[in-house]
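Here is the structure we will look at, set down as structure tokens.
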Amino acid sequence: PGTACYHQIMNTGRHGAARRTGRVLAGLLCGVVLGACDFRPSAPESRAEYFVEKLISEPQAVEELRSVARLAEGESPDALANDLPTRTALTYLRARHHLGAKFGLRVAGSQRPATDSRVVSVVVSEGAAVLNEGAAVRFQVELQKQEDAWLVTRLRSD
């Protein structure tokens with residue numbers, strides 16, 4: 001009885017160590033896989049929606065916005081909104097966001113003027129304003145494909 005109990009304890013210890021090693025290896029593998037992933041969307045429609053949402057809610061995330069846009073050296077992502085209606089819409093939505101408003105974004109359509117360009121319509125609505133079409137803000141996001149990546153080149157508001 002003494003030896004059988006000893007062997008059972010030793011085997012349990014080995015299995016426990018193997019289990020812990022397996023868990024550590026699984027955790028490391030997950031970490032490597034997650035580190036290799038890019039969480040920014042790559043399809044033109046989802047990239048356009050992502051850009052508009054980031055530009056409204058986190059305009060200070062300049063490097064993140066620059067990574068999905070085609071900008072000249074030292075140019076701000078806000079430079080893509082270079083007309084008065086678009087700048088006004090962004091200012092309004094940022095102010096509402098700062099006051100705690102929650103927005104819903106949706107892609108309302110996409111046009112393909114050329115094989116390497118897209119114009120994606122992104123609609124931003126606030127909470128209950130989804131029912132009121134007049135309260136929605138529509139952006140036209142122009143994207144260009146460069147080296148297998150879709151980059152935002154211009155932002156316009158209706």
| request: Hey, could you give me each pair passing salt bridge (charged side-chain N to carboxylate O under 4.0 Å, His left out) that has a residue in residues 85-95? Not counting sequence neighbours. | output: Asp78-Arg94
| message | Is the shortest side-chain heavy-atom distance between Phe51 and Glu64 below 4.5 Å? | response | no
| Is a salt bridge present between Arg96 and Glu126, judged by a nitrogen-to-oxygen distance below 4.0 Å? | yes
| said: For a 4.5 angstrom cut-off between non-hydrogen side-chain atoms, does Pro77 reach Arg66? | reply: yes
| message | Measuring from atom OG of Ser157 to atom CG of Asp83, what distance do you get when rounded to the nearest 0.5 angstrom? | response | 7.5 Å
| field | Minimum side-chain heavy-atom gap Val68-Trp150 below 4.5 Å | value | no
| task | Applying side-chain hydrogen bond (donor to acceptor under 3.5 Å, both in side chains), name anything that partners Arg154, two or more places apart in sequence or on another chain. | result | none
| Inter- and intrachain pairs under salt bridge (charged side-chain N to carboxylate O under 4.0 Å, His left out), touching residues 48-57, at least two apart | Lys54-Glu58
| Contacts of type side-chain hydrogen bond (donor to acceptor under 3.5 Å, both in side chains), residue Ser121, not counting sequence neighbours | Arg138, Gln140
| task | To the nearest 0.5 angstrom, please state how far the CG atom of Leu55 sits from the CG atom of Leu80. | result | 8.0 Å
| note | Sorted by chain and number, sequence neighbours left out, side-chain hydrogen bond (donor to acceptor under 3.5 Å, both in side chains) with Arg156 holds for Glu142
| query | Do Leu155 and Asn82 have side chains that get closer than 4.5 Å, going by heavy atoms? | reply | no
| Looking at residues at least two apart in the chain, or sitting in another chain, which of them share a side-chain hydrogen bond (donor to acceptor under 3.5 Å, both in side chains) with Ser110? | Glu45
| query | Do the non-hydrogen side-chain atoms of Leu143 and Leu151 ever get within less than 4.5 Å of each other? | reply | no
| CG/Leu93 to CD1/Ile56 distance, rounded to the nearest 0.5 angstrom? | 4.5 Å
| field | Minimum side-chain heavy-atom gap Val120-Val122 below 4.5 Å | value | yes
| query | Can you check whether Phe103 reaches His97 side chain to side chain, under 4.5 Å on heavy atoms? | reply | yes
| request: Answer whether the closest heavy-atom distance between the side chains of Ser76 and Val62 falls below 4.5 Å. | output: no
